[in-house]
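Step one of this worksheet: look at the structure below.
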Amino acid sequence: MTLRKLTLGEVLAGVGGAVLMAALFGPWFDDASGWRSLTVVLALVLISGLLGVTLLLATAFQRSQAYPVAAEVFGFAFAAVTSVVLAIELIVRSRPGWAAWVGLVALLSVAAGSWAAMRADVRR
């Protein structure tokens, strides 16, 4: 494990993914947790959160660059699409809770962190 090779983007994506998965236990819509109130969006949220954490762990533990690069690309793609879908869901549905807003910010941090990690790979 080498923590020195972690960039700010990878740390941002990993922390965002962990916060996103933790926020699923808070009130999202109509005082129901994210596990109960999200339908199809739940799968996208889980994949995005797991990809953010995977990016952090793959960069820290893998010697090869293949796994972290794949996590960067898929993490950005899933988090960007899920951010748009969740933003629409926040606009359309009634009474979003605090965890829904925290989840949106965490999704944006996974997308931004994955993008920053991809940009850091280009500069290396």
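All values below were derived from every heavy atom in this structure, side-chain atoms included, with hydrogens, water molecules and symmetry-related copies excluded.
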Please determine whether residues L12 and L6 belong to a single hydrophobic cluster, defined as Ile, Leu, Val, Met, Phe, Trp and Tyr linked transitively by side-chain heavy-atom distances below 4.5 Å. no
Which atom of S114 lies closest to which atom of L55, heavy atoms considered: OG-CD2, 3.9 Å
Are any non-hydrogen side-chain atoms of L51 and V110 less than 4.5 angstrom apart? no
So, does S109 use its side chain to make a donor-acceptor pair with the main chain of A106 at under 3.5 Å? yes
Gap between atom CG of L86 and atom CH2 of W101 - 0.5 Å precision: 8.5 Å
In terms of hydrophobic clusters joined by side-chain contacts under 4.5 Å, are V53 and L44 together? no
Minimum heavy-atom distance between A99 and A23, given as atom pair plus value: CB-O, 3.4 Å
Test of understanding: clusters of I, L, V, M, F, W, Y form through side-chain heavy atoms closer than 4.5 Å, transitively. Do V105 and L8 belong to the same one? no
Quick one: side chain to side chain contact (heavy atoms under 4.5 Å, CB included) partners of A80, sequence neighbours excluded? F76
In Å, rounded to the nearest 0.5 Å, how long is the span from CZ of R95 to OG of S37? 11.5 Å
Sole candidate of L107, T82, L108, L50 that passes side chain to side chain contact (heavy atoms under 4.5 Å, CB included) when paired with L20: L107
Interatomic distance, D30 atom CG to R36 atom CZ [nearest 0.5 angstrom]: 11.0 Å
Is the shortest side-chain heavy-atom distance between P68 and E10 below 4.5 Å? no
If hydrophobic clusters are built from ILVMFWY residues whose side chains come within less than 4.5 Å, do L57 and Y67 share one? no
Taking the side chain as everything from C-beta on, heavy atoms only, tell me whether S94 gets closer than 4.5 Å to F29. no
W98, F25: one ILVMFWY side-chain cluster at the under-4.5 Å cut-off? no
Distance col, row M118:CE vs T7:OG1, nearest 0.5 angstrom, shows 11.5 Å
Using side chain to side chain contact (heavy atoms under 4.5 Å, CB included) as the criterion, list what pairs up with L24, not counting sequence neighbours. W28, W35, L38, L42, V45, L46
